[in-house]
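To start, the structure itself, in structure tokens.
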Amino acid sequence: MELTFWLLDVTYGVVGNAPELRLFGITNNDKRVLVLDRSFRPYFYVLPSGDSSTVLANVKRKLEGRVLGVELVKRRLFGGEVDAIKVTATIPEKVRELREIAAEIPGVKDVLEADIRFSQRYLLDMGVKPSNWVVVDQCEEVKGNYQVDLVCLAKTRPRMIEEHKLPNFRILALDIEVYNPRGMPNPDRDPIIIISTMTKEDGIKMFVADDSKNDAKIIREFVDYLRKYDPDIIVGYNNNGFDWPYLVNRSSRVGVKLTISRMGNPPEPSVYGHWSVIGRANVDLYNFIEEMGEIKVKSLDRAAEFLGVMRRDERVLIPGHRIYEYWDDKSKRDLLLRYARDDVVSTYGLAEKLLPFAIQLSSISGLPLDQVGASSVGARVEWMIFYEAVKRGELAPNREERPYETYKGAVVLEPRPGLHEDIAVIDFSSMYPSIMMKYNVSPDTLVIGDCNDCYVAPENNYRFRKTPEGLYPGLLRVLVESRRKVRELMKNYPENSPDWVLLNERQRALKVMANAMYGYCGWLGARWYRREVAEAVTAWGRNLLKTVIEKARSLGLPIIYGDTDSLFVKNIGDKVDALINYINNELGFDVKVDKVYRRVLFTEAKKRYVGLTIDGEVDIVGFEAVRGDWAEVAKDVQENVAEIVLKTGDVGKAVAYVKSIIDKLKAFQFDIDDVIIWKTLDKSLNEYKVLTPHVAAAKQLIEAGYKVGKGDMIGYVIVKGGGAKLAYKVKPYILIKDIREIDVDYYIEKQVIPAAMRILEVLGVKESQLMEGKAGKSILDFFQ
DNA sequence: GCGGCGCTACTACCT
DNA sequence: ACAGGTAGTAGCGCCGCG
């Protein structure tokens with residue numbers, strides 16, 4: 001039979017002495033299927049130095065009887081033709097020892113592609129990416145003990161087809177609550193008290209322990225339910241870091257089998273720190289929130305609020321360390337149940353918002369849906385390149401340890417300080433990808449030495465062959481072209497309709513991947529790393545901006561500021577048009593007026609400005625107001641000052657406003673949330689060389705029994721008393737009992753005034769004006 | 001013993 | 001565990017100081 005399915009998960013096993021690929025999918029008529037392929041074997045390459053036939057003979061002699069085949073093949077490496085010896089093994093588990101033996105054979109220069117996971121190797125060679133539709137022309141039904149509607153053995157190789165629609169997934173959100181009377185729960189002693197799930201069909205299910213807190217029963221009920229519901233996708237929030245390891249640990253402790261995969265086995269730890277549930281996609285939504293810079297404090301409730309899933313003031317919030325209190329106190333237990341419910345509903349809601357993008361990332365990168373979130377940006381780009389490389393017969397270089405080296409980046413212009421009226425922002429669209437495509441910049445087109453048909457980078461003179469098209473530019477062209485097509489398709493659907501949303505997520509993912517290519521090429525961890533490639537790209541970028549600046553000058557168009565690929569100029573219609581035409585037509589790069597500011601204010605600092613767009617929106621860039629590590633009260637003041645200044649031009653009004661906030665602080669008229677300073681703990685506590693305030697606060701938290709470590713956000717406030725350093729005056733905000741402990745002078749002097757003055761100083765306001773007297777004086781007082 | 005100063009550590013931002 | 005360029009706060013060590 002012919003079978004068409006959407007590829008959800010892939011794994012392999014060894015049957016007899018042969019590997020068996022297992023492709024789990026969903027058909028277009030809603031059947032869960034498993035396709036087995038026993039026709040593929042693991043292999044790797046050996047690179048000979050010197051005479052390849054001699055080395056081939058050596059390899060054959062040495063590996064005879066241990067491998068299925070040794071053959072000489074033609075491949076490419078960084079664009080150059082090479083002889084390679086392809087060694088085919090019986091089963092994946094043998095590859096490691098074979099590669100070690102092979103590396104020692106005389107005449108062997110290198111062993112390549114011997115570190116590729118077998119299931120990924122298979123997909124690469126088939127040109128099949130997960131989260132896409134796949135056809136197997138001949139599949140023969142077989143018996144098998146799997147939780148699917150159909151198992152078949154592939155008689156032909158799978159092939160990917162282009163089709164954007166998605167199957168009807170069964171999605172299950174999962175969240176557990178644990179009894180934790182001693183701080184951070186420990187699975188050796190602390191039982192699970194609530195397991196909550198949510199699905200579209202069954203709604204919310206809560207498996208709640210009884211007073212004996214015997215969790216064997218609820219785990220068993222949960223397992224039964226999960227198997228009955230049979231989800232394709234399981235989502236959680238930090239489930240890779242908490243729920244799964246805890247559940248696995250607890251269930252083995254209480255003797256319950258977590259037979260939840262489609263092969264009946266428990267979840268197991270896998271690559272990139274993710275937990276795999278065979279035949280299903282286990283997705284940790286926290287991974288995607290981690291990447292969203294706009295969300296500063298990445299707790300589930302805040303993420304859900306930010307994405308419009310659930311408001312924080314409409315849900316139950318319980319501090320993690322007090323969960324047990326809400327369990328023990330029966331009058332509060334109902335609150336705990338509502339809290340658990342809100343969490344699982346939030347998780348399900350987040351999945352609706354985030355899965356469409358995750359699916360597209362998986363489909364484009366070639367990483368399975370359950371891995372793509374946990375993987376790094378570098379890994380996603382690398383797999384995408386790998387697919388393109390295999391298509392071209394280009395061998396993947398090994399990962400190498402490289403010494404840290406830096407290279408020159410973009411230009412940033414000194415801004416013209418002050419308040420400017422009517423400013424246009426001209427932006428290059430995808431400057432670096434465009435440069436890479438235009439000048440064929442790629443690790444495989446780089447020429448060391450003479451070249452008579454090359455593009456030559458400015459400043460550093462790196463040279464790139466004009467033909468054939470390189471790996472990076474070729475891939476970028478595919479991404480750009482696909483994105484153009486997808487955006488074209490979007491026009492056929494009403495905005496925000498399901499089809500439109502799907503395509504929109506796809507075009508977004510295509511853009512994200514294209515824009516990540518430059519960063520990848522300068523990443524020391526990249527297989528296809530070439531410093532010259534990254535250096536050439538930035539050199540061309542600097543050159544481009546410089547050329548545009550010169551042109552603007554020759555047109556008599558005043559420049560206010562510029563950074564990397566943008567230029568802020570006076571909005572003089574014909575001159576701006578002339579500049580844009582010049583860039584588009586004569587330089588051959590795509591630029592557009594990204595936005596026009598009615599007013600925009602710069603200080604002397606780069607990368608910081610506030611502007612009022614012609615649509616009446618206030619943009620704040622770089623300033624404290626958009627930083628996560630300033631107190632809300634200061635950010636708020638700065639934002640309002642900016643708005644007043646930009647909208648009314650009334651500096652006096654802004655000054656009066658700042659004074660009113662200072663007065664409120666002095667009178668303790670504020671909320672604790674307004675004075676919390678959040679900072680990320682970027683290292684483990686013992687790695688810090690200096691005692692910074694947030695480190696001091698973190699130590700206090702540990703003292704108080706909390707578990708904090710690398711990667712955590714520390715929220716602290718500055719309190720009265722203390723000593724010479726600020727670090728002696730900090731206190732974690734959760735330990736604050738009375739708002740009068742707060743040192744309001746600190747907030748006035750070190751937060752509110754600096755934040756306000758940043759904007760006001762350039763308008764001639766003196767700091768003393770914010771301090772003197774009370775607010776509400778005549779506005780005239782504030783002008784010299 | 002302490003304030004001033006310059007440097008380093010640290011975080012978070014922009015493109 | 002995708003890049004470099006940048007601003008800003010706080011800590012720390014050193015200097016001078018009869």
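All values below come from the heavy atoms of this structure, side chains included, with hydrogens, waters and symmetry mates left out.
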Legend entry - Partner residues of P417(A) under the side chain to side chain contact (heavy atoms under 4.5 Å, CB included) criterion, sequence neighbours left out: E604(A), V762(A)
Inset, instruction - State which residues pass side chain to side chain contact (heavy atoms under 4.5 Å, CB included) with L685(A); sequence neighbours excluded, sorted by chain then number. - result: L681(A), V695(A), A698(A), K699(A), I702(A)
Legend entry - Centroid separation Y529(A) to W523(A) less than 6.0 Å: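 Between W523(A) and Y529(A), which both carry aromatic rings, the centre distance is not below 6.0 Å.
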Could you tell me whether [X] contacts a base, only the sugar-phosphate backbone, or nothing, with contacts defined as non-hydrogen atoms closer than 4.0 Å?
X       : result
V537(A) : nothing
Y272(A) : nothing
G628(A) : sugar-phosphate
A727(A) : sugar-phosphate
K729(A) : nothing

Please give, in whole Å, the distance from [N] [atom2] to [X] [atom1]?
X       : N       : atom1 : atom2 : answer
Q371(A) : dA1(C)  : CD    : P     : 19 Å
I714(A) : dA12(B) : CD1   : C1'   : 16 Å
Q751(A) : dT11(B) : CD    : C1'   : 14 Å
D712(A) : dT11(B) : CG    : C1'   : 16 Å
I677(A) : dA12(B) : CD1   : C1'   : 14 Å
K710(A) : dT11(B) : NZ    : C1'   : 15 Å
E294(A) : dA12(B) : CD    : P     : 15 Å
K725(A) : dA9(B)  : NZ    : P     : 15 Å

Where along [range] does a heavy atom come under 4.0 Å from DNA chain C, residue by residue in number order?
range                       : answer
residues 357-369 of chain A : none
residues 543-551 of chain A : none
residues 678-697 of chain A : V690(A), L691(A), P693(A)

ring-ring contact (aromatic ring centres under 6.0 Å, His included) with [X]: which residues, sequence neighbours excluded?
X       : answer
F357(A) : none
H274(A) : none
Y561(A) : F568(A), F602(A)

Inset, instruction - Return each pair, listed once, that meets salt bridge (Lys or Arg N to Asp or Glu O under 4.0 Å) where at least one residue sits in residues 526-547 of chain A; pairs must be two or more places apart or across chains. - result: D115(A)-R527(A), E382(A)-R527(A), E405(A)-R531(A), E459(A)-R542(A), R531(A)-E535(A)
Legend entry - Within 45° cone and under 6.0 Å: K129(A) NZ/CZ vs Y387(A) ring: yes
Inset, instruction - For nucleotides dC10(B) and dA1(C), find the distance between their P atoms and express it as a whole number of Å. - result: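 Between the two P atoms, the distance is 16 Å.
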Legend entry - Electrostatic pair K592(A)-D427(A), nearest N-O below 4.0 angstrom: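 So K592(A) does not pair with D427(A) through a salt bridge.
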Inset, instruction - Please tell me if the side chains of L510(A) and V480(A) come closer than 4.5 Å, counting only heavy atoms from C-beta onward. - result: no
Inset, instruction - Report the relative orientation of the aromatic rings in W528(A) and F386(A); use parallel for angles under 30°, tilted for 30 to 60°, perpendicular for over 60°. - result: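 The rings of W528(A) and F386(A) stand perpendicular, inter-plane angle above 60°.
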List the atom pairs, with distances to 0.1 Å, where a side-chain N or O of residues 281-289 of chain A and a protein N or O form a donor-acceptor pair under 3.5 Å, not counting sequence neighbours.
residue : atom : partner : partner atom : Å
N282(A) : OD1  : N239(A) : ND2          : 3.0
N282(A) : OD1  : W244(A) : NE1          : 2.9
N282(A) : ND2  : N240(A) : OD1          : 3.2
N282(A) : ND2  : W275(A) : O            : 2.8
D284(A) : OD1  : N238(A) : N            : 2.7
D284(A) : OD1  : Y286(A) : N            : 3.0
D284(A) : OD2  : N239(A) : N            : 3.3
D284(A) : OD2  : N240(A) : N            : 3.1
N287(A) : OD1  : A374(A) : N            : 3.4
N287(A) : ND2  : E290(A) : OE1          : 3.4

When you compare the protein's N or O atoms with those of nucleotides 3-9 of chain C, which come within less than 3.5 Å of each other, and at what distance?
residue : atom : partner : partner atom : Å
dG4(C)  : O3'  : Y407(A) : O            : 3.3
dG4(C)  : O3'  : G409(A) : N            : 2.9
dG5(C)  : OP1  : G409(A) : N            : 3.1
dT6(C)  : OP1  : K606(A) : NZ           : 2.8
dG8(C)  : OP1  : R608(A) : NH1          : 3.4
dG8(C)  : O3'  : R758(A) : NH2          : 3.3
dT9(C)  : OP1  : R758(A) : NH2          : 3.2

Inset, instruction - Test side chain to side chain donor-acceptor pair (under 3.5 Å) on T547(A) and E550(A) and set out the steps. - result: CA-CA 5 Å; T547(A) 308; E550(A) 278 161 14; 5.3 Å; no
Show me the donor-acceptor pairs within less than 3.5 Å that the side chains of residues 621-628 of chain A make with the rest of the protein, sequence neighbours left out.
residue : atom : partner : partner atom : Å
E624(A) : OE1  : R608(A) : NH1          : 3.4
E624(A) : OE1  : Q638(A) : NE2          : 2.9
E624(A) : OE2  : R608(A) : NH1          : 3.2
E624(A) : OE2  : R758(A) : NE           : 2.8
E624(A) : OE2  : R758(A) : NH2          : 2.7
R627(A) : NE   : D629(A) : OD1          : 3.0
R627(A) : NH2  : D629(A) : OD2          : 3.0

